[in-house]
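Encoded as structure tokens, the structure appears first; notes follow it.
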Amino acid sequence: MSSELKSPQCWIRPEIQALTAYHVPDPGDSIKLDAMENPYSWPEALVDEWLEVLRDVELNRYPDPGARALTARLRETMQVPDGAQIVLGNGSDELIQMLALAVAQPDRVILSPEPAFVMYRMIAEVAGMCYEGVPLADDFSLDLEAMLHAIDLHQPALVFLAYPNNPTGTLFDSAAIETIIERAPGLVVLDEAYAPFTDASFMPRLDVFPNLLVLRTVSKMGLAGLRLGLLAGAPQWLGEIDKTRLPYNINVLTQASALFALEHKAMLDEQAGLIRSERTRMIQALSSLDGVEAYPSEANFVLFRVREGTADAVFNALREQGVLIKNLNPAAGRLTGCLRVTVGTPDENMQFLTALRNAISPN
Ligand SMILES: *Cc1c(COP(=O)(O)O)cnc(C)c1O
């Protein structure tokens, strides 16, 4: 029947129909500690200076397809080794998608430890690939034996390691990562979205491992609204991956704004420093609460576990008090009972902690 023929059920691929769309809750006017955003705004004078820069942007012209000025600035800011090439993406999410599109074949595997950044699975499925998640150890460290076994078994085209990991905040052991890179038959992508909040990075080691790529973003350092990420690695790989990029994927406003913001990198670094010291305070405060277990974090968020069976109620009680964090309890498995809070300003963090105290011991 023609009505059946013209239906989504007939044409949309089954794996797309099976997906649940990535849901982002409306924060309303609550304190927003759910999405790893930098909580600090810019001084007014700097905003004026930025708006002056935008005045000269020509919206009628296509952007520089190679984003040359921005690329040069990013190479310097992110200390990309001379021998490496970079490709820019509309957020690092787009680069994950480009990587998948470049290697996708129906029987090919994307592999990652779990729990991991949800986009690895989602993009694998959209690209028509298989996704394999390898459980982390109980303390959220890498289970190296299990990873090596899964690599031998599945021969993944891509291995994603978030370094530090989202949603756990864990910084995986670098020796274990090296073993994984050496064992993997395909590419290993170190996703360093949280680089501003840790001293660790594989960027300087790009020259050492021919199958290593490093993914970075400006989102977590304070420019999430711009949508800009970069992938760095050997030119032989990057030249191929770049072919999957849509021309002009970095728009003129992003190019001009990112270039401007990175001229003021010292301010962003200072903000990251504040977030790092608040993180320490936050972990201490959380750990001191009865029935709360906070995990170590090298990122701008803290994962914590509450008393069995109370996570949803605690999350809702926080919402009612005007604080939005991330409830990971529905993800189940090792995240059962877990919530994730982004480190905000000292004031926001205090309000969160007060709300949490109320939520876990209502009287
Ligand atoms: C936030 C995040 C990203 C996405 O970054 P965008 O550049 O904003 O797309 C990628 N990887 C990890 C691990 C993240 O937590």
Side-chain angles (χ1 to χ4, degrees), residues 22-24 32-39 67 70-71 74 77-78 86-101 110-124 126 131 133 136 140 142 158-172 177 187-198 200-203 213-232 241 245-246 249-251 254-255 257-258 261-262 268 272 275 279 295 297-303 325-326 328 331 335 338 340-343:
Y22 187 72
H23 172 68
V24 180
K32 198 170 180 304
L33 300 177
D34 65 327
M36 282 77 98
E37 292 148 329
N38 175 330
L70 179 57
T71 297
L74 281 168
T77 315
M78 308 253 178
I86 70 174
V87 172
L88 306 190
N90 186 349
S92 48
D93 287 348
E94 189 189 39
L95 291 161
I96 298 169
Q97 189 178 52
M98 282 163 54
L99 281 162
L101 288 179
I110 289 182
L111 185 143
S112 174
E114 291 247 292
F117 184 45
V118 290
M119 283 297 145
Y120 306 150
R121 174 193 289 274
M122 178 138 180
I123 287 171
V126 169
Y131 175 84
L136 291 170
F140 294 133
L142 277 176
L158 294 170
V159 175
F160 281 99
L161 298 168
Y163 186 71
N165 190 36
N166 174 12
T168 62
T170 329
L171 187 73
F172 296 140
I177 292 177
L187 284 167
V188 177
V189 183
L190 271 267
D191 181 346
E192 299 189 341
Y194 298 97
F197 313 104
T198 182
S201 172
F202 270 75
M203 191 70 93
L213 302 180
V214 172
L215 188 60
R216 290 280 185 92
T217 175
V218 301
S219 294
K220 311 292 156 66
M221 70 168 64
L223 303 168
L226 286 184
R227 311 306 301 130
L228 178 66
L230 81 85
L231 184 66
I241 291 153
R245 187 173 61 87
L246 294 175
N249 64 330
I250 313 300
N251 74 70
T254 296
Q255 290 193 29
S257 302
L262 293 174
L268 298 175
I275 292 166
R279 171 181 72 198
Y295 291 93
S297 171
E298 288 279 307
N300 64 341
F301 59 85
V302 180
L303 183 78
I325 64 169
K326 176 83 177 174
L328 291 162
L335 293 173
C338 286
R340 186 192 66 199
V341 61
T342 302
V343 178

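What you see is a predicted model, and the numbers here were worked out from it, not measured in a lab. Every number for a ligand or one of its atoms is a count from 1 in the order of the listing.
For the pair Ser92 and ligand 1, the shortest N or O to N or O distance falls below 3.5 Å.
For the pair Thr342 (side chain) and Glu37 (backbone), a donor-acceptor distance under 3.5 Å is absent. No donor-acceptor distance shorter than 3.5 angstrom exists from the side chain of Asn38 to the backbone of Ala272, with no hydrogens or angles considered.
Between Tyr120 and Phe117, the ring planes lie perpendicular to each other; the angle is over 60°, past the 30° to 60° tilted range.
For the pair Asn90 and Leu246, the minimum side-chain heavy-atom distance is 4.5 Å or more.
Looking at atom 1 (C) of ligand 1, its nearest protein heavy atom turns out to be Lys220 NZ, 1.4 Å. Counting only heavy atoms of the protein, atom 15 (O) of ligand 1 lies nearest to Tyr194 OH, 2.6 Å. Among protein heavy atoms, the minimum distance from atom 9 (O) of ligand 1 is reached at Arg227 NH2, 2.8 Å. The protein atom (non-hydrogen) at minimum distance from atom 12 (C) of ligand 1 is Asp191 OD2, 3.4 Å.
Under 4.0 angstrom from ligand 1, the non-hydrogen atoms of Asp93 come from both its backbone and its side chain.
When each of Thr254, Asp93, Asn251 is checked for a side-chain contact (heavy atoms from CB on, under 4.5 Å) with Arg227, only Asp93 meets the rule.
Atoms of ligand 1 lying under 4.0 Å from any heavy atom of Gly91, numbered from 1 in the order shown and given with element: 7 (O), 9 (O). Taking every non-hydrogen atom of Ser219 and a distance limit under 4.0 Å, the qualifying atoms of ligand 1 come out as 6 (P), 7 (O), 8 (O).
With 3.5 Å as the limit, one finds no donor-acceptor pair spanning the side chains of Thr77 and Arg216.
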